[in-house]
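Notes follow once the structure below has been shown.
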Amino acid sequence: MNQILSTEVPNAEKKKKHKRTSSGPADVKSVLKVFSIVLLIFAFFMIGTGSYAIYQNSQETQTAHSNPTITVEKIENDTVVFLKVVSEVNINEITYQWNDEQETTISGNGRKYIEERIDIPTGSNILNIHVTDVNGGENTYSDTYELESNINLEALENGNIKITYQGEVQISYMTYRWDDEDEQTININSTSIEQEIEARKGTHTLTVVVVDVNNKTETKVQEIKGVSKPTIDIGLNGDNTRYVISLSDETGLQEVVVTMNEDENQKFGQKLSGTEFQFEMPINEGSDNKMEVVVTNAEGVQETRRVQFPK
């Protein structure tokens with residue numbers, strides 16, 4: 001009986017040992033399964049991240065390539081600029097303007113390449129260009145261009161402005177305007193211009209445009225300080241024995257010169273000051289009683305009046 005007990009106990013212990021060792025492979029499979037799932041999740045993450053990066057890079061490349069390209073170059077003796085716009089997608093529109101003047105718009109009309117000739121106005125002017133495509137891509141350009149004008153503006157002693165111009169082809173007409181007022185048109189039909197216009201009092205901007213038979217324009221914009229002519233008023237005294245001469249000027253009187261009967265020996269001059277002056281000259285019987293009055297104001301502008309007392 002003791003032998004039976006001693007024989008069975010070891011077998012029981014073996015079974016216990018066998019049960020403990022048999023659980024090892026199951027644990028390894030669980031670990032491998034979990035590790036595989038982790039690797040799969042990591043792989044999906046890496047694939048997703050890479051795809052997003054590729055997509056984002058593709059979008060950035062597409063956006064960068066969609067912006068139109070602007071090229072501007074001078075041609076024809078630097079009087080015209082040649083505008084070229086190139087785009088990978090259809091151009092929506094092009095707008096350009098000189099300084100802050102009204103914009104000119106060019107429709108894309110499904111084109112990817114557009115050329116435009118733009119006349120350069122005289123003087124110093126800024127050209128602004130804005131281009132958009134159908135995808136919302138855009139580009140801008142701005143630069144200053146200087147062109148000397150053949151239009152000359154000269155202030156005369158009589159207070160007028162003299163406009164001169166010499167062209168190579170026949171000129172159809174010229175226009176001028178003060179500040180933002182309406183244009184005045186003068187027909188020319190010649191290759192040259194020599195025209196006087198009346199100046200405005202004070203400081204104003206004069207814009208002159210010359211248009212030839214080929215519809216080519218030339219423009220000059222200049223600030224002009226206009227001065228008024230002196231005022232001369234000549235009357236008679238109560239008994240018609242003397243001339244009464246009244247002078248006035250807003251800027252001030254400088255000088256008056258009186259010549260009687262066109263005789264240099266009867267020429268009288270006097271320096272003046274102030275804005276008003278009055279004097280008298282006698283009317284002599286038996287004389288022609290011709291009188292010329294020349295007044296100069298503080299700006300050097302002159303005015304002349306001639307009268308003759310009737311015999």
Side-chain angles (χ1 to χ4, degrees), residues 72-83 96-102 104 117-128 142-231 249-252 254-255 294-305:
V72 180
E73 60 184 54
K74 281 187 176 183
I75 59 173
E76 296 182 1
N77 298 324
D78 294 339
T79 62
V80 175
V81 293
F82 191 42
L83 167 64
Y96 69 87
Q97 65 178 161
W98 288 103
N99 306 316
D100 296 324
E101 296 178 3
Q102 185 175 357
T104 298
R117 295 160 59 91
I118 304 173
D119 291 329
I120 303 174
T122 53
S124 179
N125 300 278
I126 300 174
L127 176 61
N128 300 303
S142 183
D143 201 0
T144 301
Y145 293 86
E146 294 186 2
L147 181 63
E148 186 176 351
S149 174
N150 290 324
I151 302 173
N152 295 311
L153 306 178
E154 179 187 0
L156 302 178
E157 289 186 354
N158 61 8
N160 290 342
I161 303 298
K162 185 178 181 181
I163 303 171
T164 57
Y165 178 83
Q166 182 63 53
E168 297 180 356
V169 298
Q170 184 169 319
I171 303 159
S172 296
Y173 61 92
M174 64 163 279
T175 66
Y176 71 91
R177 75 170 186 268
W178 291 102
D179 302 323
D180 296 325
E181 296 180 2
D182 293 336
E183 289 182 340
Q184 304 297 319
T185 302
I186 301 175
N187 293 323
I188 303 299
N189 298 320
S190 174
T191 57
S192 62
I193 296 175
E194 187 171 332
Q195 182 74 40
E196 284 190 30
I197 62 173
E198 188 175 348
R200 298 291 177 86
K201 299 177 183 178
T203 301
H204 299 274
T205 300
L206 176 61
T207 301
V208 178
V209 180
V210 175
V211 183
D212 66 21
V213 292
N214 297 323
N215 208 32
K216 182 180 178 181
T217 64
E218 187 166 338
T219 305
K220 183 158 189 176
V221 181
Q222 184 173 319
E223 192 174 81
I224 303 290
K225 183 179 180 181
V227 294
S228 60
K229 299 178 183 180
T231 300
D249 187 85
E250 293 179 353
T251 60
Q254 185 181 83
E255 184 182 36
V294 180
V295 181
T296 306
N297 68 8
E299 298 289 339
V301 178
Q302 290 185 342
E303 176 67 321
T304 302
R305 285 284 307 277

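All figures in this text were calculated on a predicted structure; none of them were measured in a lab.
- In this structure, the side chains of D182 and R177 stay at 4.5 Å or more apart for every pair of heavy atoms.
- Partners of E198 under the salt bridge (Lys or Arg N to Asp or Glu O under 4.0 Å) rule, at least two apart in sequence or in another chain, do not exist in this structure.
- Here the closest non-hydrogen pair linking A199 and I161 is CB-CG1, 3.9 Å.
- For the pair N125 and I120, the minimum side-chain heavy-atom distance is 4.5 Å or more.
- Expressed to the nearest 0.5 Å, how far OH of Y176 lies from CD of E181 amounts to 10.0 Å.
- Within 6.0 Å of the NZ atom in K225, the count of heavy atoms belonging to other residues, nucleotides or ligands does not exceed 12.
- One finds the CG atom of L127 at 4.5 Å from the CH2 atom of W98 (value rounded to the nearest 0.5 Å).
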Q254 and N297: side chain to side chain contact (heavy atoms under 4.5 Å, CB included), yes or no, with the steps?
CA-CA 5 Å; Q254 185 181 83; N297 68 8; 5.8 Å; no

Could you please spell out the steps behind the side chain to side chain contact (heavy atoms under 4.5 Å, CB included) verdict for Q97 and T104?
CA-CA 6 Å; Q97 65 178 161; T104 298; over 6 Å; no

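- Annotation: the span from Q195 atom CD to T164 atom OG1 amounts to 11.5 Å, rounded to 0.5 Å.
- For the pair T231/E303, no side-chain contact is recorded, criterion being any heavy-atom separation below 4.5 Å from C-beta on.
- Residues passing the side-chain contact (heavy atoms from CB on, under 4.5 Å) test with K216, sequence neighbours excluded: T79, D212.
- For K162, the salt bridge (Lys or Arg N to Asp or Glu O under 4.0 Å) partners two or more places apart in sequence, or in a different chain, are E194.
- Not counting sequence neighbours, the partners of E73 by the side-chain contact (heavy atoms from CB on, under 4.5 Å) test are I75, F82, K84.
- The side-chain heavy atoms of L206 and I197, taken from C-beta on, include a pair separated by under 4.5 Å.
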Can you list, pair by pair, the side-chain donor-acceptor contacts under 3.5 Å of residues 142-151, counting residues two or more places apart and other chains?
residue	atom	partner	partner atom	Å
S142	OG	N128	OD1	2.9
Y145	OH	Y141	OH	2.7
S149	OG	I151	N	2.9
S149	OG	E218	OE2	3.3

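- You'll find the side chain of Q302 reaches within 4.5 Å of the side chain of V294, heavy atoms only.
- Atom CD of Q166 is separated from atom CD1 of I193 by 9.5 Å, given to the nearest 0.5 angstrom.
- Side-chain atoms of I163 and L153, non-hydrogen and from C-beta on, do get closer than 4.5 Å to each other.
- The side-chain contact (heavy atoms from CB on, under 4.5 Å) check on D179 picks up H204, T205, with sequence neighbours excluded.
- A distance of 13.0 Å separates NZ in K229 from OG1 in T296, rounded to the nearest 0.5 Å.
- Taken from CE in M174 to CD1 in I186, the straight-line distance is 4.5 Å, to the nearest 0.5 Å.
- Closest of all the heavy-atom pairs between Y165 and V210 is CE2-CG1, 3.8 Å.
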Given side chain to side chain contact (heavy atoms under 4.5 Å, CB included), test Q170 with N189 step by step and report yes or no.
CA-CA 6 Å; Q170 184 169 319; N189 298 320; 3.9 Å; yes

